Number of protein chains: 2
Amino acid sequence: MNLKTLASHLGLSQTTVSRALNGYTDVSLATRNRVAEAAKNFGYRPNVNARRLATGRSSVIGIAFPTDMNMFLDPHFIEFLAGLSEKASQLDYDIMISSSQNDEVDVYRRFAEKGTVDLVILSNVDLSEERIRLLQDLNIPFIVHGRTATCDTYSYIDINNYSVFHDPTKMLLELGHEKIAILNGHPDRVYAIERFHGWQDALNERGITPNPDYVRSGVMSEENGYSFAMEVLQLGERPTALLCSSVIMAKGAYKACSDLDIKVGSDISILAHDDSVPLANATEMDPPLTVTRSPLRDAGREIAIMAMKYLKGTDIKELQCLWQPELIFRKSVAAPPRDDI
Amino acid sequence: MNLKTLASHLGLSQTTVSRALNGYTDVSLATRNRVAEAAKNFGYRPNVNARRLATGRSSVIGIAFPTDMNMFLDPHFIEFLAGLSEKASQLDYDIMISSSQNDEVDVYRRFAEKGTVDLVILSNVDLSEERIRLLQDLNIPFIVHGRTATCDTYSYIDINNYSVFHDPTKMLLELGHEKIAILNGHPDRVYAIERFHGWQDALNERGITPNPDYVRSGVMSEENGYSFAMEVLQLGERPTALLCSSVIMAKGAYKACSDLDIKVGSDISILAHDDSVPLANATEMDPPLTVTRSPLRDAGREIAIMAMKYLKGTDIKELQCLWQPELIFRKSVAAPPRDDI
DNA sequence: TCAATTTTCCAAAGCGCTTTGGAAAATACT
DNA sequence: AGTATTTTCCAAAGCGCTTTGGAAAATTGA
């Protein structure tokens, strides 16, 4: 069933039927309803490729799927993708994924030049702005998940990573903690750098000199969480609080504490940032983990909405989100132990 | 740059240029080369939507992305998707994912009716054949990852789940084990049922009556692995071997053994099926875990190839793959402990 | 009542490609 | 030499939609 036959069944022109289905007001409400009903009865669905050709829009959002052979698939990315895809479906956009083994930008370029996608989502940005600049040069609409230095020139969504470590550090200081160690993400990542500064500044604001021995960075795995915690917990001046960049890392830290017979929530306070990814449920830990929380799935959903707005012409300046993570206090944090016990 | 202007630049007709680019032999090799070069120089890329409209083919493969709010994203699915997307890119197919919160088949129906996708991948099939029958009724091309009872009527790829438990059980019996427990997946899943039968038959073939106490089934999480193992290891007649449905479960079982002071690889033998998903590396376990192995990513790659063949008209009968998992022997398995020690 | 508006519809063009059904040119066959 | 065949190219139609630029009909205003 195509427009033409539907139109002839209705005794109307293609034009009218098309406009009716697209809700134009220059066709009377009566016929609009009549057309809608007929379309439903005949099970008519407009051919998307014809529409795409006619309008020049595809209503497809592209995203690179990082599938390097031996790299394990980041659950963070998947969680984000889940939110994106969910919301996009609701908004009548489709998501096209493309494996980016080779050059990611090349994938995007082809996508855009061929008219496959209207817009591209950029994920996992690093300090280098190469990809961003290329997309800007190619004039391909895009939205970034994360930020770089020139983020005022494009549309993005990010969380305030400075706060992610600044707020908990400040809270810990108020509780009386002074020896606060951080188990951070990979030092090349923008978010890790921001978090580091958040921690550093919070300490400095209190007149405390940040102790470089209390800083560890690396891939946010449970193994690293364990070994980093082991290291800092066996320093001469053992920290009284541990700030982790992810719940997974905190899990490793919990294990280290258990191995060293240090009681979390009394002997030591542990906090983490919680992206709400599977297999890392902060509330089910023992004791429940205090976190700054910002579900990645929500970010995915929001970026779908932003994409839609972008394509509808909303100004870039209005499509720059910086989310403030919420600090959720649980049993893993307490005042530091009194020295005289 | 479109066909028309490219053609006029070359002083050729659109027809010729189009056919040249598509490698038809009714345009001379000389002009074919000339056209190819010009296309490259001008950076010409055919508009996919126009092509799709003209040919009726989209070269897009659709797959439902199960993103239920509170269901955690199965890493198995992701791993499969990674393989699929990787191979599809190489074969010049695109992958469209659609969130399937509501009715998955409905998503497919719309996809197919609108001409968005040429073919659909069905994953996570269960005993009910509802979805398969619907796709067959709607005449939507599809390939199934997994199998159901009527699998001779469609194209699929699956592993021999009967072997997954039959082969290791047989091997254990030959080593002298008789008390073999299984930590299986959810009992509704087709693969879990097949595996159960594999175990059961292998025992019966040796004249051993399968002990129902030695059977546990449930979601293949580390937690379940731990608790299932705890249960069977504390039975009056403790099993000498544990057969797990996934490496993740085996991890839990290892932990249970450690808690009960049972030495894996000497006091007890443990095996598992290994889909090669991230965060579950059998070789890095201590002792290294014996597995039947069949990487899900490979299955994803293969299904992309099958999809291409299907769309090129290959007969369904030639697109039914049943992969035999390989049994990889490692230190977690040994002969059963002698009773007199 | 007739002209000016507004409402409602439509014919036709166009999106950029593929494909059909030849035609012209080149080559091969008597 | 003239005819048959093959090679190489092309004009035009068509894929199924949207959109433009009216035209006809209905409504309003005087």
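Lettering follows sequence order; numbering is per chain, from 1. In this text, all values refer to a predicted model and were calculated from it rather than measured experimentally.
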*asked:* For Arg131(B), give me all partners under side-chain hydrogen bond (donor to acceptor under 3.5 Å, both in side chains), at least two apart in sequence or on another chain.
replied: Glu104(B)
*Rounded to the Å, how far apart are Arg51(B) CZ and dC15(C) C1'?*
16 Å
*asked:* Rounded to whole Å, please give me the gap between CG in Leu53(A) and P in dG14(C).
replied: 14 Å
*asked:* Using the ring-ring contact (aromatic ring centres under 6.0 Å, His included) criterion, which residues pair with Tyr24(B)? Sequence neighbours excluded.
replied: none
*Which listed nucleotide (dC9(C), dC17(D), dG16(C)) is nearest to the side chain of Ala50(B)?*
dG16(C)
*Tell me whether the OP1 or OP2 atom of dT8(C) has a side-chain N or O from Thr31(A) closer than 4.0 Å.*
no
*Any salt bridge (charged side-chain N to carboxylate O under 4.0 Å, His left out) pairs touching residues 4-15 of chain B, not counting sequence neighbours?*
none
*Asn49(B) CG to dT18(C) P, straight-line distance once rounded to whole Å*: 13 Å
*With the threshold set at 4.0 Å, does a side-chain nitrogen-carboxylate oxygen contact exist between Asp137(B) and Arg133(B)?*
no
_Asn47(B) CG to dC15(D) C1', straight-line distance once rounded to whole Å_ = 13 Å
_Qualifying residues under side-chain hydrogen bond (donor to acceptor under 3.5 Å, both in side chains), relative to Ser8(B), sequence neighbours excluded_ = none
*Tell me the ring-ring contact (aromatic ring centres under 6.0 Å, His included) pairs involving residues 111-132 of chain B, sequence neighbours left out?*
none
Name the pairs: protein N/O against N/O of nucleotides 19-22 of chain D, kept only if under 3.5 Å.
residue : atom : partner  : partner atom : Å
dT19(D) : OP2  : Tyr24(A) : OH           : 2.9
dT19(D) : O4   : Thr15(A) : OG1          : 3.1

*In whole angstroms, how far is the C1' atom of dC17(D) from the NZ atom of Lys114(B)?*
14 Å
*Go through the structure and list residues passing side-chain hydrogen bond (donor to acceptor under 3.5 Å, both in side chains) with Thr55(B), not counting sequence neighbours.*
none
*Tell me, which of residues 36-43 of chain A have any heavy atom that sits under 4.0 Å from an atom in DNA chain D?*
none
Return a table of donor-acceptor pairs under 3.5 angstrom between the side chains of residues 140-152 of chain B and protein atoms on other chains or two or more places apart.
residue   : atom : partner   : partner atom : Å
Arg147(B) : NE   : Asp158(B) : OD2          : 2.9
Thr148(B) : OG1  : Glu129(B) : OE2          : 2.3
Thr148(B) : OG1  : Tyr154(B) : OH           : 2.6
Thr150(B) : OG1  : Glu129(B) : OE1          : 3.3
Thr150(B) : OG1  : Glu129(B) : OE2          : 3.0

*Atom-to-atom span, CG of Leu3(B) to P of dG14(C) - whole angstrom*: 17 Å
*Name all residues meeting the side-chain hydrogen bond (donor to acceptor under 3.5 Å, both in side chains) criterion together with Arg19(B); count only those two or more places apart in sequence or in a different chain, and write none if there are none.*
Asp26(B)
*Once you build an axis from the first five pairs and another from the last five of the helix from dT1(C)-dA30(D) to dC29(C)-dG2(D), how far apart in angle are they, to 10 degrees?*
40°
*Using the test salt bridge (Lys or Arg N to Asp or Glu O under 4.0 Å), find all partners of Asp298(B) that sit at least two apart in sequence or belong to another chain.*
Arg301(B)
*Please report, rounded to the nearest Å, how far the P atom of dT8(D) is from the CG atom of Asn33(B).*
12 Å
*How do Asn2(B) and Leu12(A) order along DNA chain C: which one's closest nucleotide is nearer the 5' end?*
Leu12(A)
*Student check: side-chain heavy atoms of Asn47(A) and Asn2(A) closer than 4.5 Å*: no
*Whole angstrom is fine here: how far is it from CG in Leu21(A) over to P in dC9(C)?*
13 Å
